[in-house]
Amino acid sequence: AYTIIFPLVVGLLKYKSATKPFKLIVFYFFVCLITEGIATTMSLKHMNNGLVGNVFYITEGIILLAFYYLVFGEKEFLFPGIIIGIAYLIYGVYTSAIDPGPWVYNANFRAGESLMIQALSAYALIRISKEEDVHLFSHPGFWISSGFFIYFSVNTAVFVSASFIMEGNVFLTKQTWVIHSIVNFLANIIFTFGLLCIPSPQRKL
């Protein structure tokens, strides 16, 4: 998970020339790194970090919902986006505080978040494919959305299988997390390349 530092460093280097959506994504990567550091520290001290994870997933969903609102640039998406964000926030707080609670990993909520971002990133990719004279190899939005689509698609499979198909089978559940880690690494490489595609500001002569 610490490979998130690669897109974060590149994002900081490109920050001045980045548009609002990508500046938000750089902030998102920073939140990811901080959360990973807190969760790792708690784990090494044998402390339950379930609440930290739940707070992060709620924050992550809201940030990425805002990111795609900025990417789409459609005023018509504002009201549905607010409704989805409020519903997502309420469900996240409920599952984190009450059922299953703050100290239990909430795979169902994580799967729901993954489906939401998966749908948004798929829609973004469809929009990009309809653009005229689009150069995918140098299109940061294409690579960022591709990374999210791949990562959250695998997330959906991992958390659904962990919750229902492999429930109680510790060995197989751990293997799904190995797959998740590999895809996490791949996604961070894709994010890094995507941010590298952001044009650098031209120097004045």
Side-chain angles (χ1 to χ4, degrees), residues 1-37 55-89 92 113-156 183-205:
Y2 281 103
T3 54
I4 196 69
I5 197 170
F6 298 142
L8 176 59
V9 169
V10 173
L12 291 173
L13 293 174
K14 295 282 188 172
Y15 192 81
K16 287 185 178 181
S17 57
T19 57
K20 286 183 180 180
F22 297 108
K23 286 181 178 180
L24 183 59
I25 281 299
V26 175
F27 172 73
Y28 162 70
F29 291 146
F30 177 74
V31 172
C32 289
L33 183 62
I34 295 299
T35 303
E36 192 64 40
V55 171
F56 169 73
Y57 300 140
I58 293 172
T59 305
E60 177 182 50
I62 298 299
I63 290 176
L64 295 183
L65 189 60
F67 166 72
Y68 278 110
Y69 168 72
L70 293 173
V71 167
F72 298 155
E74 298 174 353
K75 292 182 179 180
E76 296 80 4
F77 182 70
L78 179 60
F79 184 71
I82 291 174
I83 297 298
I84 295 172
I86 292 174
Y88 178 80
L89 182 61
E113 180 209 4
S114 298
L115 286 170
M116 179 179 74
I117 305 304
Q118 184 181 352
L120 290 170
S121 57
Y123 179 58
L125 290 172
I126 292 172
R127 284 170 55 93
I128 292 171
S129 69
K130 293 181 179 180
E131 294 179 7
E132 295 182 1
D133 300 324
V134 61
H135 302 285
L136 295 181
F137 194 75
S138 59
H139 196 300
F142 169 76
W143 292 105
I144 297 296
S145 289
S146 295
F148 280 132
F149 183 76
I150 293 170
Y151 175 75
F152 284 102
S153 294
V154 173
N155 261 7
T156 302
V183 174
N184 193 11
F185 173 79
L186 174 63
N188 286 332
I189 297 301
I190 294 174
F191 293 146
T192 303
F193 183 80
L195 292 173
L196 281 170
C197 292
I198 296 174
S200 298
Q202 296 181 351
R203 294 182 178 179
K204 294 182 180 181
L205 298 177

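One-based numbering along the sequence shown. In this text, all values refer to a predicted model and were calculated from it rather than measured experimentally.
- From I126, atom CD1 reaches atom OG of S145 across 11.0 Å, with rounding to the nearest 0.5 Å.
- In this structure, Y68 has its ring center no closer than 6.0 Å to that of Y123.
- Between V55 and T35, every side-chain heavy-atom pair lies at or beyond the 4.5 Å cut-off.
- Classified by interplanar angle (parallel below 30°, tilted 30° to 60°, perpendicular above 60°), the ring pair F148/F191 is tilted.
- With hydrogens and angles disregarded, a donor-acceptor distance shorter than 3.5 Å links the side chain of W143 to the backbone of L136.
- The closest side-chain heavy-atom distance from F29 to I5 is not below 4.5 Å.
- Residue F30 places its CZ atom among 12 or fewer non-hydrogen atoms of other residues, nucleotides or ligands, all under 6.0 Å distant.
- Remark: of the listed residues F193, F22, F149, F22 is the sole one forming a side chain to side chain contact (heavy atoms under 4.5 Å, CB included) with I144.
- Under the 4.5 Å side-chain criterion, counting only non-hydrogen atoms from C-beta, T3 is in contact with F185.
- Note: F56 and Y28 have parallel aromatic rings, judged against thresholds of 30 and 60 degrees for the angle between ring planes.
- With Y69 contributing its side chain and I82 its backbone, the two residues share no donor-acceptor pair below 3.5 Å.
- Side-chain contact between H139 and I128: present, with at least one pair of heavy atoms (C-beta onward) separated by less than 4.5 Å.
- Residues F152 and E113 have side chains in contact (heavy-atom distance under 4.5 Å, counting atoms from C-beta outward).
- Note that CG of L125 and CZ of R127 are 11.5 Å apart. Values are rounded to the nearest 0.5 Å.
- In plain terms, the two heavy atoms of Q118 and S153 that are nearest each other are NE2-OG, 3.3 Å.
- Contact detail for P21 and L70: the closest heavy-atom pair is CG-CB, 3.6 Å.
- Between P199 and S17, the shortest heavy-atom contact is O-OG, 2.9 Å.
- Atom-to-atom distance recorded for N155:CG and I150:CD1 is 12.5 Å, nearest 0.5 angstrom.
- Remark: L64 CG to I117 CD1 distance equals 4.5 Å, nearest 0.5 Å.
- For I62, the side-chain contact (heavy atoms from CB on, under 4.5 Å) test picks out Y88, with sequence neighbours left out.
- Contact of the F137 side chain with the F142 side chain is not registered, since no non-hydrogen atoms from C-beta on lie closer than 4.5 Å.
- Atoms OG1 and CD1, from T19 and I198 in turn, are 6.5 Å apart once rounded to the nearest 0.5 Å.
- Using a 4.5 Å heavy-atom cutoff, the side chains of I63 and I25 are not in contact.
- Residues C32 and I4 come closest through the heavy atom pair CB-CG1, 3.9 Å.
- Minimum interatomic distance between V134 and E131 (heavy atoms only, all atoms of both residues): CG1-O, 3.6 Å.
- In this structure, L195 and K14 approach most closely via the heavy-atom pair O-CG, 3.5 Å.
- At least one side-chain heavy atom of F77 sits less than 4.5 Å from a side-chain heavy atom of L120.
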